[in-house]
Every structure is written in structure tokens, then in C-alpha cells.
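Just so it is clear: chains get the letters A, B, ... in the order the sequence lines come, proteins before strands, and each one is counted from 1. Computed from a predicted model, the values in this text were never measured in an experiment.
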There are 2 protein chains.
Amino acid sequence: MAVYTHLGAEDLAQLIAQYDVGELVSAKGIAEGVSNSNWLVETTGRNGGGTRFILTLYERRIDYADLPYFLDLLDHLAGKACPVPRTMHDRDGASFRMVEGKAAALIEFLPGVSPTRPTPAQARAVGEVLARLHLAAEDFPRSRANAMDFAATAAILEACGTERLATINPALPAMLDHARTAAALDLTALPQSQTHTDLFPDNVLMLGDRVTGLIDFYFACTGPMVLDLAVTHAAWCFDAANAYRPDCGAALVQGYQSVRPLEAAERALFADVAKGACLRFVASRAEDWLDTPDDALVTRKDPMQFARRWQFYDQAGDGLLA
Amino acid sequence: MAVYTHLGAEDLAQLIAQYDVGELVSAKGIAEGVSNSNWLVETTGRNGGGTRFILTLYERRIDYADLPYFLDLLDHLAGKACPVPRTMHDRDGASFRMVEGKAAALIEFLPGVSPTRPTPAQARAVGEVLARLHLAAEDFPRSRANAMDFAATAAILEACGTERLATINPALPAMLDHARTAAALDLTALPQSQTHTDLFPDNVLMLGDRVTGLIDFYFACTGPMVLDLAVTHAAWCFDAANAYRPDCGAALVQGYQSVRPLEAAERALFADVAKGACLRFVASRAEDWLDTPDDALVTRKDPMQFARRWQFYDQAGDGLLA
């Protein structure tokens with residue numbers, strides 16, 4: 001959560017001049033994005049276009065070969081009236097440019113704030129929008145493999161090793177076995193589309209009960225739609241004490257199904273897929289935990305939060321969507 | 001440069017509701033302020049008032065007893081058409097509120113970007129605005145002592161100790177003697193006003209050659225106006241290789257004097273005051289340097305940058321404003 005690369009006002013003005021968005025009026029480095037530098041940029045605008053943008057400089061973790069997938073997907077979805085920010089194209093039509101050896105993209109700014117204690121009405125709205133996104137993305141011509149699929153999850157936990165996992169929490173080593181079970185699931189027959197796969201409340205902008213923006217598509221990939229719903233379910237429907245909130249869970253799924261009813265096969269696998277989704281966050285958090293020195297200033301996210309949610313889905317089983 | 005305190009959307013909305021500025025539309029944590037948390041906040045607005053604000057949560061370093069001085073000074077200056085952001089007052093008329101045990105202020109957002117390679121025209125404009133600020137602040141009814149005056153500078157360098165200063169650079173210990181010399185200067189007879197005393201380009205917003213905002217008044221204090229000009233001179237008139245830029249220096253002073261001509265006593269002491277100003281930054285940077293572990297992720301500012309500028313003023317002497 002920081003600005004990793006310094007870009008001076010003159011550098012920013014020169015970069016903005018490559019786009020038909022008017023002249024630079026303001027630029028503030030914003031404390032968002034774990035591995036990117038981001039600025040909230042204001043310009044004088046052009047021909048009824050917007051005047052505010054998020055300028056993102058991609059620092060690491062992101063394979064630049066994936067940028068056309070991420071950025072074109074935004075355009076595709078925005079073109080179908082999904083609430084996602086448009087990618088601005090430069091005067092040559094490019095969706096990203098290189099600046100000081102790094103890729104940079106200028107993306108539409110959307111209003112809204114991220115709920116920290118979502119209400120059922122907000123969960124319902126997010127479910128609806130997620131289903132609209134899935135339907136709108138079905139004919140998107142690009143595809144991208146899920147680099148964090150269940151097999152990757154098991155491999156990460158395996159690389160952590162049960163001994164080191166146990167140093168975080170004695171309950172963690174068992175998660176490796178569960179991850180292997182999830183990796184053996186065959187999801188290929190489930191309906192696929194482009195999926196966000198990281199739709200935490202942080203990545204949703206809302207005004208009241210209305211979704212004004214889905215953002216941060218840098219884990220987006222081609223895959224089973226029900227996995228995306230399961231990730232969102234696991235991310236939205238637990239309170240600060242990690243207790244399941246049945247009202248939010250029901251509202252999210254209801255909202256989703258009001259646009260795209262789940263197929264029987266998706267419903268049957270929902271709890272198993274949600275367990276796999278939890279393990280994905282257990283794995284990445286455990287890896288970060290072990291990679292981060294104890295005395296680092298960075299706040300580590302506790303992998304046990306999602307190990308406990310895994311347990312919820314394990315116990316809830318098939319009854320969850322009944 | 002970070003957001004130190006997490007405030008959720010609901011917390012922010014509740015805070016904003018205490019002001020007559022409409023409803024919360026957007027809030028982004030911004031990477032500004034060394035010891036505060038800052039958000040760029042957008043609201044629906046009220047009665048022709050603004051819709052964008054900087055919300056500052058004061059984390060540390062700042063004595064809350066000083067807040068009325070800082071915040072009322074902004075109002076006083078804005079009321080006299082100086083380009084500084086207004087402090088918003090809450091429904092009870094208060095200029096700051098307590099949030100989670102910390103003071104919070106809502107301050108007008110101003111457009112503009114901070115130049116990193118200022119032009120002489122920009123330096124001239126800053127000189128003009130600084131002089132206008134000094135004149136506008138003369139009848140400000142509050143006062144605040146300069147906690148970083150020349151005596152404090154000498155005390156900080158003394159506390160660092162010559163041995164530890166030498167570990168940073170062998171040329172630093174000599175700066176302690178120079179700081180003692182500066183501390184002996186009697187500036188009490190020089191014309192006083194409220195002064196910014198930290199007017200680096202970072203703290204100036206500009207659109208082209210026009211100053212749209214002076215910001216970050218948290219070192220503001222009552223003191224000799226020529227010290228403020230000297231700080232600004234030392235901060236603006238050297239290039240990236242630390243070479244003096246006579247065109248910028250002349251333009252800054254010319255701009256200042258076009259609004260408020262310096263008195264003979266101020267001109268006579270200018271180089272000595274500028275040397276003291278340089279030592280103030282040598283001292284705070286040396287202190288930070290010694291307090292920051294070598295392997296910390298924080299970028300330390302080199303105290304030698306201003307030790308070298310001290311040398312420039314020492315050599316230039318009285319000829320600088322001739």
C-alpha cells in the first residue's frame with residue numbers, strides 16, 4: 001500500500017499528454033494496490049469525457065503479457081454496461097504505455113466507497129453485478145489461465161511445508177491435505193466465463209446499496225463462474241469475529257441467481273468449491289506470512305481467517321444452497 | 001508516506017456527516033504526509049460549496065494544542081485571498097474533531113501539482129505568493145513559537161553527537177559549530193509575521209506558472225519573514241546535482257520583493273539566515289538518519305544535501321542579494 005515509483009509532476013504531465021484527456025490538473029499518489037503504484041489524476045478533460053482517472057504503474061508480480069487481457073476485459077465489460085472502469089487508450093490506441101521501464105495504464109475513476117461491514121442489501125447487489133459480469137464476459141475473445149487455481153494452491157502449501165505451516169498455527173498443516181483434495185476436483189464441466197476471483201469488499205465501490213464499480217481485475221482469469229461466486233461468498237459473508245452471516249450469504253446468492261440461476265452441477269459443488277476458494281487465500285497468506293520477517297512493519301494477514309471459513313463450508317456442506 | 005489508521009467507509013461517512021458538505025461519494029487514502037493519515041474525499045456538496053476535501057488524521061509529532069493555530073491560519077489566509085485551503089468547520093463550528101482518539105480535520109482540496117524541476121517563472125510566482133502570505137498574516141491574532149529555530153537546530157545536532165554525525169559523513173560534525181554560530185544570531189529586530197518555514201516544492205501546488213495552493217502548514221510559526229524566504233530559497237533554487245540555480249534564486253527574490261521589499265537589515269542578514277535554514281534541515285535529517293536502521297525500507301534523506309547548500313551560502317555571503 002504505497003507509491004513505489006516516484007513520478008514528478010513534469011513526468012506525469014508528459015505521460016498524460018499522450019492521451020486525449022486534456023491537461024494535468026492534479027495528481028495524488030494513493031495508498032492502494034499491493035504491488036502497483038497508483039495516482040488519482042485529474043485533467044481538464046475533452047469532449048464530454050471524464051476528468052478523473054487512476055494512473056497505475058505496474059511494479060511487479062504482474063506479467064505484462066497479461067495486461068491486454070486485464071485492460072481489454074475492462075473495456076469489454078464497460079461496453080456492456082457493467083460497472084467497471086474503462087481503460088483509456090493513448091493517441092496511438094494503446095491500452096498501456098511504458099514509463100521508466102514499467103507498464104502504465106490510465107483507467108477511468110469511478111465514485112463509490114468500499115463497505116467494510118456489508119449489509120444484506122449490498123451483498124445482494126454485488127451478487128447481481130457479479131452475475132451480469134459473468135454473462136457479459138462470455139463472448140470476450142481472450143482467455144487467461146487461473147494462476148491461483150486449486151492445483152496452484154496445493155503446490156504453494158506444499159512448498160511452505162507442514163513444519164513451517166505449523167509454526168504459524170498447528171491447524172494449518174491439515175490444510176495441505178484438504179488442498180490436495182480440492183486440486184482433484186474436476187471443474188471443467190462447469191459453465192465458464194471470465195471471472196474476477198478476488199472480489200473482496202475492498203474491490204467493490206458502492207454508493208449506498210448500488211454497485212458503482214468493480215475494480216482491481218489483476219487476478220481475473222477464465223474459469224468456472226461458480227468459483228467466482230464462491231470466492232465472493234467467502235469474502236463477503238463473515239463478520240469481524242469470522243462468524244458466518246446467513247443473511248448476507250443468502251442475499252448474495254439470491255442476487256446472483258436473479259440474473260443467472262446456478263445449474264444443478266454448480267449447486268452440488270458449491271461447498272467444495274468454496275472450500276477450495278478458502279484454501280487459495282490460506283495458501284497465499286501463509287506464503288506471505290513465512291516470507292515476511294516477524295519485525296517487518298507490514299501487517300500480515302492471518303491465514304487462519306480462511307482456514308476457519310474452510311471449516312464453516314466443510315460443516316455446512318450441501319445444505320448451504322438448499 | 002502512508003495511511004496509518006484504517007477508517008472504513010462507514011466510519012468516514014459518519015465523520016463527513018458531522019459537516020455540512022453533503023454525503024460521502026468517494027474516499028481514497030493518499031500517500032502524502034509523513035506523520036498524518038490523509039484521504040482525498042469527495043462529497044455530494046452543499047450550496048455551491050466544494051465537493052472535494054483532504055481529510056487529515058493527525059497521528060503523531062503534532063501537538064494538538066497547536067491545531068487551532070494551524071487551522072485558523074488557513075482560514076485567515078484564505079479569507080485574504082491567499083491560495084491556501086480553507087478549513088471546513090463542523091456543524092458545531094469546530095475546526096477539528098476527535099476520531100478514534102485522534103484529531104481529524106477536513107480541509108479544502110485545491111488543484112495543482114508540485115513542480116519537481118521548478119522554472120524561474122514558477123520560483124518568481126512562489127516568491128510573490130510567499131510575500132502576500134506574510135503581509136496577510138501580520139494581523140493574525142494567534143502566535144506559535146518556532147520549535148525548529150536555530151537554537152533547536154544546534155540542540156539536535158548536539159544530541160546527535162559529533163562522533164555519530166561523522167559516521168554519516170566526515171563533514172557533518174563541523175555543522176554543529178556552525179549551528180551554534182547561527183543560534184547566536186539575534187533575529188528579534190527583523191520584521192515578523194506568521195511563516196510557513198517548510199515551503200519545499202512538495203508543499204506548493206501549481207498550474208503552469210500559477211500558484212494554486214500552499215499546503216502542509218504544520219511547521220508554521222511566528223517568526224522573521226526573511227527566514228521563511230531563506231528556507232524557500234534553499235529549497236527551490238538548487239538543481240538535482242545540488243548546484244545553485246541563479247536564475248531561480250533571482251526570480252524568487254524578485255517575486256517576493258515585488259510584493260514586499262526586504263528591509264536593509266533583512267538583506268544584510270540573508271546569507272546568515274539561509275545558512276541557519278540549511279542547518280535546520282541538516283539537523284532533522286541527521287537525526288532521522290541515525291534513528292532509522294540501515295536496513296529499513298524507508299528512504300532516508302541525506303543531510304549532506306543541505307550541508308552543501310550551507311557551503312554555498314557561506315561562500316556567496318552578502319553578494320547574494322546585491
Shortest non-hydrogen contact between S114(A) and A9(B), atoms and distance:
O-CB, 3.0 Å

Give the minimum heavy-atom separation between V25(A) and P111(B), together with the two atoms involved.
CG1-CB, 3.6 Å

With chain A, the option among D11(B), T116(B), L24(B) that has the most non-hydrogen atom pairs under 4.5 Å is T116(B)

Using a cut-off of under 4.5 Å on heavy-atom pairs, state which of P201(B), G112(B), P115(B), A13(B) scores highest against chain A.
G112(B)

Rounded to the nearest 0.5 Å, what separates atom CG in N38(B) from atom NZ in K28(A)?
9.0 Å

N/O donor-acceptor pair under 3.5 Å between E10(B) side chain and R117(A) backbone:
yes

Okay, L207(A) and chain B: the region with an atom under 4.5 Å from a heavy atom over there is side chain

Just wondering, more than 12 heavy atoms not from R86(A) lying within 6.0 Å of its CZ?
no

Can you measure from CZ (R52(B)) to CG (L40(A)) and round to the nearest 0.5 angstrom?
7.5 Å

Region of L12(B) that comes under 4.5 Å of a non-hydrogen atom in chain A:
neither

